[in-house]
Amino acid sequence: MKGLFDLHYDFKKIEEKWQRIWEENRVFATGNDYTKPKYYALVEFPYPSGQGLHVGHPRPYTALDIVARKRRMQGYNVLFPMGWDAFGLPTENYAIKNHIHPEKVTKQNVARFKSQLRSLGLSFDWEREVNTTDPDYYKWTQWIFIQMFKKGLAYKKEMAVNWCTSCKVVLANEEVVGGVCERCGGEVVRKVKSQWMLKITEYAQRLIDDLADVDYIDRVKASQINWIGRSTGAEILFDTTFGDQLKIYTTRPDTLYGATYMVISPEHPALQTWSGVIENMNEVRAYQEAASRKSDFERAEVNKDKTGVMLQGVRAVNPVNGREIPIFISDYVLMTYGTGAIMAVPAHDTRDYEFAKKFDLAVVEVVKGGDVEKEAFTDCETGVMVNSGMLDGLTVEEAKKKIISWLQETGKGEPKVNYKLRDWVFSRQRYWGEPIPMVYCDKCGWVPLDEHELPLRLPEVESYEPTDDGESPLATMTDFVNTTCPKCGAPAKRETDTMPQWAGSSWYYLRYCDPHNDKTLASREALDYWLPVDWYNGGMEHTTLHLLYSRFWHKFLYDIGVVGTKEPYAKRTSHGMILGEGGIKMSKSKGNVVNPDDIVNEYGADTLRLYEMFIGDFEKVAPWSNSSIKGCKRFLDRVWGLQDIVTDGEGYSDRLEGAFHKTIKKVSEDIEGLKFNTAIAAMMSLLNEISDAGAITRGELRTFLILLNPFAPHITEEIYQNVGLSGMLHEQAWAEYDSEKCVDATVEMAVQINGKLRGRIVVAADAGKDEIIRLAKEDEKIAQFIEGKQLVKEICVPGKLVNFVVKG
RNA sequence: GCCGCUGUGGUGGAAUCGGCAGACACAAGGGACUUAAAAUCCCUGGCUGGAAACAGUGUGCGGGUUCAAGUCCCGCCAGCGGCACCA
């Protein structure tokens, strides 16, 4: 005999069947009807690594797949594309090791990823697939670079790079872990090379300001603002005894009277200027030498002792009181921020304090409120100025204003805004990246290729390894390197560095709008229709690099008239990582990696999708659990069993009508609010109610399937067909609810005495306060508690509770 | 040090504006079905006491506001992520 819910459904057959039907009917191909309302849902395209899909990938993909499927049912023209961010080091390293062309490796990896993604039933429009390593794609990456060069935003500069002394190779910052080479563990030092740079700093203020116009989750906005690191202060000129001037930047111009010495970076150019008068130049040179040998990691170690050398023969003059003060060089002052020189105010800066204590320098208190005998007093809120001449008695804020206007009047300084954000180092001495389309001509300097010569393809090379002196493998290709100047025709040499991995991903969302266009990166018509991306979800780890870089490129493209919106993404959300069982990060070495293929084989794609959405708060990390996933499979088995109890009838039954309206509301709202877990819980509750009722009408089942379809698209489509409903499920309109029907006729209310739960009453939903209180007092138990006592207060929140405050 | 997040049963996690803490699931225990197991179905469950009704207690810790606090305020503690000598 067949029980009600004891069927296990054949997910393998069903999932393959529907994936085939969707593909053959081009069900998820994006519509080109620009008169329809549009919705652009975007997930970050993956790097197709050799390991295949990780169980973390489906979490964001499923989430936005749910949104995309719901939007289609709501009548939108939906763009939900996918592609490959395929340039990058792991592929290149694999190619070096195994002597296989990275293009071939990429092709294999993409094929694997694609079949894995297909098996999950994600509704991507594969006709719009893009690949950053495709010359038809990177042609436009190169084109954008050339536009930036033409506008002066791309320039070449001598830069320190990370150099692995053992691999003899330039490393990206990400490859330097804990100060050593990620691959071989060798020592990493800084080496100066000429690098292409992009002037993202020119957009720093706009990248902050325009965050006001977009709907990003707060933590994303906060870390971008933090990363850009805007600070306001002043630049101040100090005369020197040499006869020139030294410019410093400070955020605390109010403490100028407390500046008792100065510090400049070991790389500061003034040292060259003063070399004739510095008496201890040997000592200075030795310090410079030592600093340059140090890795960035060593130099940045916070807790290390401050070191430095006092310059003999040159001193500075504090402009506000004419006092001569010593100048030091120390590596705690960075050449890359501000002016590479500071005024040191030990009384009110912890680093200066530490330095002053070590070198026994004067500490002059100029802001009262702390104890500068013990530690630096850095509070700007409460302090009052002392020992500061014209500033005495003012608050810190007042003093800042006053000293800045004094500096401006006397020509000794001016207000200044600084950013921590640095220009983007855009060169990599690597093979597997977009070639930089530039030529160096002895006469003309750096000249971009003619645009009609794009794409500049990656040439075939024999070895992908960088050369011994850290040049890209392209540097050994004389056929590639030797060319003629696009401007004057003289013999010239090509740039042999390639672009970083972040290049191709900085504009890919634009290409999806019109991926096969060979005239422009995308037609203006398509861009105007689809932009901005309505909802972009991606990892927090991309907040300060990819997300910021792509906003920067978009703003540039806006400035030159390629796109019509200031911002690329209207909304940005971020998912939490999926950890291994027990909350430990999944890793090969720990052997706790879950392969999505195994889960799909054992439970089916619908169960995997459902579980990844049910696992917890979408925005937080969640530990994988092999037993919890069974609950989701069980749920789908029970949904499958609904076919056994379906009855004729297209309307709602009296018993379930309210529950259905409530669930439609809950699921609809929860999807918008990233609360996929509670949306599923609501559907589970509804199923429990249906089970108790023992029957479901075909109309009710139809509604249930519509709600569940975005989460579990295969099984719902199959049941829909099995019970003889017309058309295909994904074509149906999203379910509507009636707010009035979400309210029950009667409600159970809690009755409290002095805030403690003492009883319950059932009242009509529309009962008034007086009536509720009357009914509560009539309750036997409550009456006992009130009897003989003084009723001080009666609180009634209709629909929730009653609270009697009694005394005595 | 700075920025952000988190702390709720055995576990994952729920809980609009302050309004019945623990929804929904997992695991566990008991029962039904079965020759048996699996699967499925039913029941129980924060903790303490009690056979039970019930009472007390309970959301990292200490205070406070309120008729009412997981939620708001003040002060701590612990953990996670990111940045880090940015003047």
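Quick note on labels: first sequence line is chain A, next is B, and so on, each numbered from 1.
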Quiz item: How would you list, by chain and number, every residue that makes a side chain to side chain contact (heavy atoms under 4.5 Å, CB included) with E541(A), sequence neighbours excluded?
Solution: none
Practice problem: Return the set of residues passing salt bridge (charged side-chain N to carboxylate O under 4.0 Å, His left out) with K666(A) (not counting sequence neighbours), or none when no residue passes. | Solution: D670(A)
Quiz item: Is a donor-acceptor pair below 3.5 Å formed from side chain K620(A) to base C5(B), judging by atom type as modelled?
Solution: no
Quiz item: In chain order, what residues pass the salt bridge (charged side-chain N to carboxylate O under 4.0 Å, His left out) check against E202(A), with sequence neighbours excluded?
Solution: none
Self-check item: RNA chain B contacts made by residues 666-679 of chain A, counting heavy atoms under 4.0 Å
Solution: K675(A), N677(A), T678(A)
Quiz prompt | Between C1' of A55(B) and CD1 of I753(A), the distance in whole Å | solution = 16 Å
Quiz prompt | Residue pair V806(A) / L791(A): nearest heavy atoms and the distance that separates them | solution = CG1-CD1, 3.6 Å
Quiz item: With a 4.0 Å cut-off on heavy atoms, is S231(A) in touch with a base, just the backbone sugar-phosphate, or nothing at all?
Solution: sugar-phosphate
Quiz prompt | Sugar-phosphate, base or nothing in reach of K585(A), heavy atoms under 4.0 Å | solution = nothing
Practice problem: Please state how far atom CG in N226(A) lies from atom C1' in G1(B), giving the value in whole angstrom units. | Solution: 13 Å
Quiz item: G56(B) and G60(B): how far apart are their C1' atoms, nearest whole angstrom?
Solution: 22 Å
Quiz item: Should E669(A) and K665(A) count as an ion pair when the cut-off is N to O under 4.0 Å?
Solution: yes
Self-check item: E794(A): partners by salt bridge (charged side-chain N to carboxylate O under 4.0 Å, His left out), with sequence neighbours left out
Solution: K777(A)
Quiz prompt | Distance, rounded to the nearest Å, where R572(A) contributes CZ and G4(B) contributes P | solution = 19 Å
Exercise. Can you tell me which residue pairs pass the salt bridge (charged side-chain N to carboxylate O under 4.0 Å, His left out) test with a partner in residues 751-770 of chain A, sequence neighbours excluded?
Key: E748(A)-R760(A)
Quiz prompt | Qualifying residues under ring pair (Phe, Tyr, Trp, His ring centres under 6.0 Å), relative to H54(A), sequence neighbours excluded | solution = none
Quiz item: Which residue pairs satisfy the salt bridge (charged side-chain N to carboxylate O under 4.0 Å, His left out) criterion with at least one member in residues 616-628 of chain A, sequence neighbours excluded?
Solution: R219(A)-E619(A), D617(A)-K620(A)
Quiz item: Testing Y603(A), F676(A), W624(A) for ring-ring contact (aromatic ring centres under 6.0 Å, His included) with Y611(A), which one passes?
Solution: W624(A)
Practice problem: For R634(A), answer base if it contacts any base atom (sugar-phosphate contacts may also be present), sugar-phosphate if it contacts only those atoms, and nothing otherwise; contact means non-hydrogen atoms under 4.0 Å. | Solution: sugar-phosphate
Quiz item: What pattern of brackets, bars and dots sums up RNA chain B from 5' to 3', given Watson-Crick or G-U wobble pairs under 3.5 Å, [ ] for crossing pairs and | for another strand?
Solution: (((((((..(((......[....))).(((((.......))))).((((....))))..(((((..]....))))))))))))....
Quiz item: How is N688(A) classified with respect to the nucleic acid when contacts are heavy atoms under 4.0 Å: base, sugar-phosphate, or nothing?
Solution: sugar-phosphate
Practice problem: Have a look at S627(A) and say if it touches a base, only the backbone sugar-phosphate, or nothing, with a 4.0 Å heavy-atom cut-off. | Solution: sugar-phosphate
Quiz item: NA contact type, V621(A), heavy-atom cut-off 4.0 Å: base, sugar-phosphate, or nothing?
Solution: sugar-phosphate
Quick test: give all pairs of protein nitrogen or oxygen and nucleotides 63-69 of chain B nitrogen or oxygen below 3.5 Å, distance rounded to 0.1 Å.
| residue | atom | partner | partner atom | Å |
| --- | --- | --- | --- | --- |
| C67(B) | OP1 | K793(A) | NZ | 3.4 |
| C67(B) | O2' | N803(A) | ND2 | 3.3 |
| C67(B) | O2 | N803(A) | ND2 | 2.8 |

Quiz item: For residues 607-619 of chain A, which residues have at least one heavy atom under 4.0 Å from RNA chain B?
Solution: F614(A), I615(A), D617(A)
Quiz item: Can you find a donor-acceptor N/O pair under 3.5 angstrom joining the side chain of R219(A) to the base of C3(B)?
Solution: no
Practice problem: May I ask you to evaluate whether S628(A) reaches the phosphate of U11(B), defined as a side-chain N or O under 4.0 Å from OP1 or OP2? | Solution: no
Quiz item: Quick one: on RNA chain B, does R758(A) or A341(A) contact a more 5' nucleotide (nearest heavy atom)?
Solution: R758(A)
Quiz item: Counting any heavy atom closer than 4.0 Å, what does S685(A) reach on the DNA or RNA strands: base, sugar-phosphate only, or nothing?
Solution: sugar-phosphate
Self-check item: By salt bridge (charged side-chain N to carboxylate O under 4.0 Å, His left out) - contacts of K374(A) (at least two apart)
Solution: D371(A)
Exercise. On the 0 to 90° scale, with breaks at 30° and 60°, tag the F355(A)-Y332(A) ring pair as parallel, tilted or perpendicular.
Key: tilted
Quiz prompt | Non-hydrogen side-chain atoms of Y249(A) and I342(A) separated by less than 4.5 Å | solution = no
